[in-house]
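Comments concern the structure below.
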Amino acid sequence: MPDDRDLINCAAQILIFVTNLRMKYALVITGVLAGLAITAPELVVLGYFLMIVPGLVLTFAPTVFVYLAATAVIRRLLPISSPLKGTAMAFGVALLLGWAVMQPFRMKAIAEYLAAELPDVIADRSIELDGHVRIERPDQRNEPECDYLSLAVLDSTQVQSLTTVTAGRGKPSDRGLSAAYALLSAKADSGAGLFPSEPGKIVRKYPPLVRANRGMRLITAVKAVEANWAVRLAAQERLCEVHPIEAQAADWAIHIQSQTNYPIATLRRVTVLDSQGTVRYRESYRKQAVPARMFHFDFHATMSGASYFHVGRQILESGDRALDPESSLLQAIKFRVPECDTESLERLRAEAIEALNDPSATAVRIDLARRYLDLFFFDSKKQDHALIARIVADDRVRDIDQQIKNVFSKDKTPAAMREAYLYRIGMNHTSADLRHWLAERLASLPPGTFADPNPAYLAIWNSPEIYQQAAPLIATLADLGPDRAMPQLNGILDTALEFPNYRDRRAMIAGIREALVRLGPHASDATPRIRELFLRRPSPIMNSAGEADQWRFALARMGVAIEDLPVFPNQSPQSVERNLRQVANKIQKYEQEHASDEET
């Protein structure tokens, strides 16, 4: 019979065996989970969607595995015979090591964070800028421009010029890119001058204006500011580009920093210095991630879908988290707050009409019409259409590409724009892009819109260059009827076939095809030519299987029986049957949708 000592020794051996067995299982399980989590972090995200718990388990698995592995190693090194005491002591040492290993890195990061701390400097009253001001935005990747902030500084009573410096779109240089502006009297510079970039944005940035213009009033206020500047810069003032002022010669220097290395660090700071280099105003918000107190792994996932593990961090913050450097600067300086009333809109409208009525109006005055057009953002009213059409149709109003594209949505072009759009297409200075855009809008008008064409419409078909650029308008030739349309379409097809590259004739071919679809059986005389061009190799009227299907549909609309539609010699019977079935279904759907048009 074993004595008590033997029983104790046996129990101890069993306890050691069981403890070792559990540790091994724990290491294997957490090791597998940690490996899955680190190599496939998207599984962690999926785990959070599956009742959260699986995500939490995968999130903590790498940290648990590290501490268990450290505990297993340390326990083997400790001269403690008791498994339970040894495990507990080893785990405590592992935690202590987890804390100790982070301290050097943590203390260094905190020291660097504190060393870069700068106290806020708040002025007792608004700062009155004067002379030559320089705004440096080294973190802005845009080209220098006169934006709402530059304009506010320039509109201060005593400011003579404003130099703005940015990093630009390329690799930032030591000096950056600079541009300088000044508000001058029209007598000193009677030219057209410049127009600022989005001057109305100040309504969204200057807190008093934000509070005073909420909801729909905000949009009206933005337009009012832009209208007011348009009138000002066409009357007694001009915004001109001048020679930049170097930093050492500036009377005031404004530094705007906006650095973000999410989620590691964020710095937003605005600083105003006078000519002596004295800080007259400074406000900052800083956020910095430093090593955490205890070693662990954090999981990070972004809205873009990226996810990964990193060593645990702690976030240090100082300053107002809501700080916007530009908004803070506007509140710190004294400047002329722009008017936000609707009278500015009415004033611009009246000035634009007056300029259009004056045959001898200068380019500066005529440009008011373009500025008025720029106020619309898919919100024009029926009472505005006549003036909009008049602006578009006036040959003196140029460069309206961006402005007109924001007036009407794609499928909401009013019929009142028909004549104006046609005149604009025919103007010599109209860009190819705008001609195509206008033609698309005209082609979307109801069938029959061009049945009674005006001279501007007919003149387009006498210029291959114009109708190549306005190719979508070719489809509207169907409104003229087959007797007038078919000669025009054949002539345009001849012109298109002269282009050696298919990409140069693609748009014209598409317009011709759409016109034939609209004409339907009335275009049957063109069937033999289209069939021959379809079967020619390489075909000059198509460049893909999708375009081949579109031409089969067009031929079916022109009266060709479904079974007689052209197919490729190498097509399988199954492919031919599928193509013809698709055309038949498309024809049936088209005829149902356009039944009323056909009756008309």
Nearest heavy-atom pair of A94 and T71: which atoms, and what distance?
CB-OG1, 3.8 Å
Is there a side-chain contact between P196 and L239 (heavy atoms, below 4.5 Å)?
yes
So, taking the atom named CD1 in I256 and the one named CD in E326, what distance separates them when rounded to the nearest 0.5 Å?
5.0 Å
Step through the shown structure and confirm whether more than 12 heavy atoms of other residues, nucleotides or ligands are within 6.0 Å of CZ on F105.
no
With a 3.5 Å cut-off and no angle check, do the side chains of R286 and S318 form a donor-acceptor pair?
no
Donor-acceptor pair, distance only, cut-off 3.5 Å: does the side chain of R269 make one with the backbone of R282?
no
Side chains of N142 and R137, heavy atoms from C-beta outward: is any pair under 4.5 Å?
no
Taking every non-hydrogen atom, the tightest pair across P144 and A179
CB-CB, 3.8 Å
So, taking the atom named CD in E145 and the one named OG1 in T166, what distance separates them when rounded to the nearest 0.5 Å?
8.5 Å
What's the spacing between S197 OG and L149 CG if we round to 0.5 Å?
12.0 Å
Could you report the tightest heavy-atom contact between L58 and L43, atom names first, then the distance?
CD1-O, 3.7 Å
Test Q314 against R106 for side chain to side chain contact (heavy atoms under 4.5 Å, CB included), laying out the working first.
CA-CA 9 Å; Q314 178 188 356; R106 174 180 170 81; 2.5 Å; yes
Is there a donor-acceptor pair closer than 3.5 Å between any side-chain N or O of D155 and the backbone N or O of L151?
no
Between N228 (side chain) and S344 (backbone), is there a donor-acceptor pair under 3.5 Å?
no
Using side-chain heavy atoms (C-beta onward) and a distance below 4.5 Å, is I135 in contact with Q140?
no
Return yes when atom CD1 of I52 has more than 12 non-hydrogen atoms of other residues, nucleotides or ligands closer than 6.0 Å, and no otherwise.
no
Using atom types as modelled and distance alone, determine if a side-chain donor or acceptor of H296 lies under 3.5 Å from a backbone N or O of M294.
yes
Heavy-atom check, side chain of L345 versus side chain of T220, under 4.5 Å:
yes
Would the distance check show the side chain of N406 and the main-chain N or O of F377 forming a donor-acceptor pair, the cut-off being under 3.5 Å?
no
Between N261 (side chain only) and A265 (backbone N and O only), is there a donor and an acceptor less than 3.5 Å apart?
no
Ring-plane angle category for Y206 and F335, please: parallel below 30°, perpendicular beyond 60°, tilted otherwise.
perpendicular
Any side-chain heavy-atom pair from Q259 and P138 closer than 4.5 angstrom?
no
Taking atom CG of L348 and atom CH2 of W229, what is their separation to the nearest 0.5 Å?
14.5 Å
Scan side-chain atoms only and decide if Y181 and T164 contain a donor-acceptor pair under the 3.5 Å cut-off.
no
If you round to the nearest 0.5 Å, how far is CG of L267 from CG of D139?
7.5 Å
Taking S156 for its side chain and K334 for its backbone only, find out whether a donor-acceptor pair lies under 3.5 Å.
yes
If I compare all heavy atoms of V222 with all of G200, which pair ends up nearest, and what's the gap?
CG2-O, 3.6 Å
With a 4.5 Å cut-off on side-chain heavy atoms, are L154 and C146 touching?
yes
Could you go through the ring pair (Phe, Tyr, Trp, His ring centres under 6.0 Å) check for F297 and F295 one step at a time?
CA-CA 7 Å; F297 288 106; F295 174 84; 5.3 Å; yes
Could you go through R134 and T163, starting from their C-alpha distance and side-chain angles, then the distance that decides it, and tell me whether this counts as side chain to side chain donor-acceptor pair (under 3.5 Å)?
CA-CA 5 Å; R134 182 180 171 94; T163 299; 5.3 Å; no
Separation between CZ of R204 and CD of E198, rounded to the nearest 0.5 Å
9.0 Å
Please determine which of E339, E226, E237 meets the salt bridge (charged side-chain N to carboxylate O under 4.0 Å, His left out) test together with R232.
E237
Is it true that atom CZ of F60 has more than 12 heavy atoms of other residues, nucleotides or ligands lying nearer than 6.0 Å?
no
Test side chain to side chain contact (heavy atoms under 4.5 Å, CB included) applied to I254 and Y281, step by step
CA-CA 9 Å; I254 299 172; Y281 174 79; over 6 Å; no
Would the number of heavy atoms belonging to other residues, nucleotides or ligands and lying under 6.0 Å from CD of Q582 be above 12?
yes
Could you tell me how the ring of F376 sits relative to the ring of Y372: parallel (under 30°), tilted (30 to 60°) or perpendicular (over 60°)?
perpendicular
Can you find a heavy atom in the side chain of D298 that is under 4.5 Å from one in the side chain of H300?
no
Which heavy atom of R293 sits nearest a heavy atom of Q103, and at what distance?
O-NE2, 3.1 Å
With a 4.0 Å cut-off on N to O distance, would you call D324 and K205 a salt bridge?
yes
Judged by atom type as modelled, is there a donor-acceptor pair below 3.5 Å linking the side chain of T278 to the main-chain atoms of D274?
no
Test side chain to side chain contact (heavy atoms under 4.5 Å, CB included) on L183 and L233; report intermediate values, then the result.
CA-CA 9 Å; L183 277 174; L233 296 177; 4.0 Å; yes
Is it true that the NZ or CZ of R371 lies under 6.0 Å from the centre of F195's six-membered ring and within 45 degrees of the ring axis?
yes
Using a 3.5 Å distance criterion without hydrogens, assess whether the side chain of R268 forms a donor-acceptor pair with backbone atoms of Y285.
no
Walk me through whether Q160 and V242 qualify under side chain to side chain contact (heavy atoms under 4.5 Å, CB included).
CA-CA 10 Å; Q160 298 176 31; V242 295; over 6 Å; no
Determine whether Y502 and E547 make a side-chain contact, defined as any pair of heavy atoms from C-beta on separated by less than 4.5 Å.
yes
For Y148 versus L330, what's the shortest heavy-atom pair and its separation?
CE1-CD1, 4.1 Å
